[in-house]
> 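Just passing along the structure, written as C-alpha cells.
Just so we're clear, the structure is a prediction, and the values are computed from it rather than from any experiment. Sequence lines set the chain letters: A, B, ... in the order given, protein chains first and strands last, and positions in each chain run from 1. All values below were derived from every heavy atom in this structure, side-chain atoms included, with hydrogens, water molecules and symmetry-related copies excluded.
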There are 2 protein chains.
Amino acid sequence: MIDELRQIGTFSRRATASANHEFASQGLNNNRFQYLLRICERPGLFFDALAADMAVDRTTSFRAVQKLIAEGYVEKRPDAVNKKVRRLFPTEKATALYPTIHQFEAGVADRTIGSLTPGEQQLLAELLTKINAQL
Amino acid sequence: MIDELRQIGTFSRRATASANHEFASQGLNNNRFQYLLRICERPGLFFDALAADMAVDRTTSFRAVQKLIAEGYVEKRPDAVNKKVRRLFPTEKATALYPTIHQFEAGVADRTIGSLTPGEQQLLAELLTKINAQL
DNA sequence: TTTATTTTATTGCAAATGCAACAAGGGGTT
DNA sequence: AACCCCTTGTTGCATTTGCAATAAAATAAA
C-alpha cells in the first residue's frame with residue numbers, strides 16, 4: 001500500500017511541476033495557477049476557505065493570493081455582513097486567462113487519466129473519494 | 001477528469017503534511033523523512049537518481065540531503081569507479097529511526113488505501129501505474 | 001585523438017514557505 | 001452585560017525552494 005501512496009505523491013509533483021513551468025512566464029508558478037483557478041471557479045471565496053479547500057498552509061496561501069492581487073489577477077473585497085472576511089474575486093485579466101490555464105490542466109488530465117477507459121476513470125474517482133475521506 | 005487530478009493533489013499534500021508534522025521534532029520535516037526513507041531502502045543511491053526517483057527538483061533534493069548529512073542521518077561516499085558520483089548511505093542513527101518512520105507511513109497508507117477492499121487496492125495500483133507512465 | 005555533449009555535483013541569489021504570534025471580530029455561555 | 005473560545009486576516013523571521021550558472025568528470029561524436 002505504501003507503494004500506491006508514493007505513486008500518488010510522485011504523480012502529483014510531476015503534474016503540478018509541469019503546470020508551474022508552463023505558466024512561470026506569466027508569474028503563475030509556485031502553484032499560483034492553482035489558486036487562480038479556484039478563485040475563478042468559486043468567486044467570493046475567502047482566504048481560509050481557499051487554503052482549506054486546497055489543503056495548503058494558511059499563510060502560504062495568503063501570500064500567494066497577495067501576490068495575485070499585486071499582479072492584478074485578483075481583487076479583495078470586504079464581506080457585506082462579516083467585518084472579518086475578505087472575499088476574493090478574479091479580475092478581467094484573470095477571467096481572460098482562465099480558459100488557457102483550464103485547458104492546460106484539462107490537457108494534463110486527458111494525457112494521464114484519459115489513458116484509462118471510462119469505466120476505469122469512474123472507478124478511480126470513487127477510490128480517490130474514499131481514500132480522501134480518511135484524511 | 002480534472003476533479004480526479006485535484007483530488008490526487010489534495011490527498012498527496014495532506015498525507016505528506018501529516019508526516020512532516022509528525023517528524024518535525026526530529027528535524028525530518030520539509031519532506032526530509034521521504035528522502036531518508038528512500039536512502040534507507042536503496043543505500044548507495046546517488047543525488048540525481050534520488051531526485052529523479054522522487055520527482056523533485058535536483059537542487060532542492062541536494063540541499064535536503066546535505067541537511068540529512070549535517071544532522072548525522074546520511075553519509076556521502078565517493079563511487080569506486082566514477083569520480084563524479086557520490087553515493088548515499090544511511091547512518092546507524094538513520095537505520096535506528098527507519099522502522100518508526102516506515103511504520104508511520106504504513107499507518108497513513110493503512111488508514112486511507114486500507115479502507116479499500118483488496119481488489120480495489122490492486123485496481124488502484126494498476127490505475128496509478130498507468131497514469132504515472134504518461135508523465 | 002580531439003571535440004562536443006551529457007551527466008553529476010555544487011553554489012548564488014531572490015523568492016517562497018511555514019511556524020509562531022498577534023489583532024480583531026464573531027458567536028456562544030453565564 | 002461580561003467572559004471565553006473560535007475564526008479570520010495579517011506580519012516577523014528563519015529556513016527552504018528552485019532557477020540559473022559553474023565546474024569537472026564521463027560519454028559520444030568527429
> Looking at residues at least two apart in the chain, or sitting in another chain, which of them share a side-chain hydrogen bond (donor to acceptor under 3.5 Å, both in side chains) with B:Q26?
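With sequence neighbours excluded, B:Q26 shows a side-chain hydrogen bond (donor to acceptor under 3.5 Å, both in side chains) to no residue whatsoever.
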
> Touch check for B:F62, heavy atoms < 4.0 angstrom, all strands: base, sugar-phosphate only, or nothing?
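If one applies the 4.0 Å heavy-atom cut-off, B:F62 turns out to touch a base.
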
> Could you list where the contact with chain A starts and ends along DNA chain C, reading 5' to 3', using a 4.0 Å heavy-atom cut-off?
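It runs C:dA15 to C:dG26.
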
> Going by the side chain to side chain contact (heavy atoms under 4.5 Å, CB included) test, name the single residue among B:N132, B:I8, B:L127, B:L124 that passes it with A:Q7.
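Answer after filtering B:N132, B:I8, B:L127, B:L124: B:N132.
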
> Under 3.5 Å, which donor-acceptor pairs link side chains of residues 98-108 of chain A to any protein atom two or more places apart or in another chain?
| unit_1 | atom_1 | unit_2 | atom_2 | d |
| --- | --- | --- | --- | --- |
| A:Y98 | OH | A:E41 | OE2 | 2.7 |
| A:E105 | OE1 | B:R6 | NH2 | 2.9 |
| A:E105 | OE2 | B:R6 | NE | 3.0 |

> Would you say the side chain of B:V56 lies within less than 4.5 Å of the side chain of B:Q34, judging by non-hydrogen atoms?
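Result no, sub-4.5 Å side-chain heavy-atom pair not found.
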
> Give the rounded distance in Å between these two atoms: CZ of A:R87 and C1' of D:dT8.
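So the CZ-C1' distance, A:R87 to D:dT8, works out to 11 Å.
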
> Just the atom pairs and distances: protein N or O near nucleotides 20-25 of chain D's N or O, under 3.5 Å.
| unit_1 | atom_1 | unit_2 | atom_2 | d |
| --- | --- | --- | --- | --- |
| D:dA25 | N3 | B:K84 | NZ | 3.4 |

> Quick one: does B:T91's side chain get under 4.5 Å of B:V74's, heavy atoms only?
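In short, these two side chains do not touch, never coming nearer than 4.5 Å.
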
> In this structure, would B:L45 and B:V85 fall into the same cluster of hydrophobic residues linked by side-chain contacts under 4.5 Å?
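No, B:L45 and B:V85 fall in different hydrophobic clusters.
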
> Using a strict 4.0 Å threshold on nitrogen-to-oxygen distance, state whether A:E120 and B:K130 make a salt bridge.
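Judged by the 4.0 Å cut-off on N to carboxylate O distance, A:E120 and B:K130 do form a salt bridge.
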
> Of all residues at least two apart in sequence or in a different chain, which pass the side-chain hydrogen bond (donor to acceptor under 3.5 Å, both in side chains) check with B:K84?
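Expected list: none.
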
> I want to check one thing: is the phosphate of D:dT16, taken as OP1 and OP2, less than 4.0 Å away from some side-chain N or O of B:T60?
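No, outside the criterion.
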
> Can you measure A:K67 atom NZ to D:dT11 atom P for me and round it to whole angstrom units?
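Roughly 16 Å, once rounded to whole Å.
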
> Check which hydrophobic residues are tied to A:I2 through side-chain heavy-atom contacts below 4.5 Å, counting indirect links as well, and list them.
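Members alongside A:I2: none; it stands by itself.
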
> What residues join B:L123 in its hydrophobic cluster, counting side-chain heavy atom gaps under 4.5 Å, either direct or through other members?
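Besides B:L123, the hydrophobic cluster comprises A:L123, listed by chain and residue number.
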
> Pick the closest DNA chain D nucleotide for B:V81 and for A:R86 by heavy atoms, then say which residue is nearer the 5' end.
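Looking at DNA chain D, the more 5' nearest nucleotide goes with A:R86.
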
> Write down the distance between CG (B:D79) and P (D:dT27), rounded to a whole number of angstrom.
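In whole Å, D:dT27 P lies 11 Å from B:D79 CG.
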
> Could you work out, with side-chain hydrogen bond (donor to acceptor under 3.5 Å, both in side chains) as the rule, every residue matching B:D57, not counting sequence neighbours?
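Residues passing side-chain hydrogen bond (donor to acceptor under 3.5 Å, both in side chains) with B:D57: B:T59, B:T60.
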
> Roughly how many Å is it from CD in B:E71 to P in D:dT15, rounded to a whole number?
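Between P of D:dT15 and CD of B:E71: 11 Å.
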
> Does anything in residues 40-85 of chain A form a ring pair (Phe, Tyr, Trp, His ring centres under 6.0 Å)? List the pairs, not counting sequence neighbours.
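Passing the test, one end in residues 40-85 of chain A: A:F47-A:F62.
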
> Quick one: name the residues clustered hydrophobically with A:V81, using the 4.5 Å side-chain heavy-atom rule over I, L, V, M, F, W, Y, and just say none if it's on its own.
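None; A:V81 is a cluster of one.
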
> Which of residues 28-44 of chain B sit near DNA chain D, with a heavy atom under 4.0 Å from it?
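Output list: B:N30, B:R32.
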
> Taking five pairs at each end of the helix from C:dT1-D:dA30 to C:dT30-D:dA1, what angle separates the two helix axes (nearest 10°)?
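About 30°, once rounded to a multiple of 10°.
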
> Expressed as a whole number of angstroms, how long is the span from A:L50:CG to D:dT8:C1'?
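Going from CG in A:L50 over to C1' in D:dT8 covers 13 Å.
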
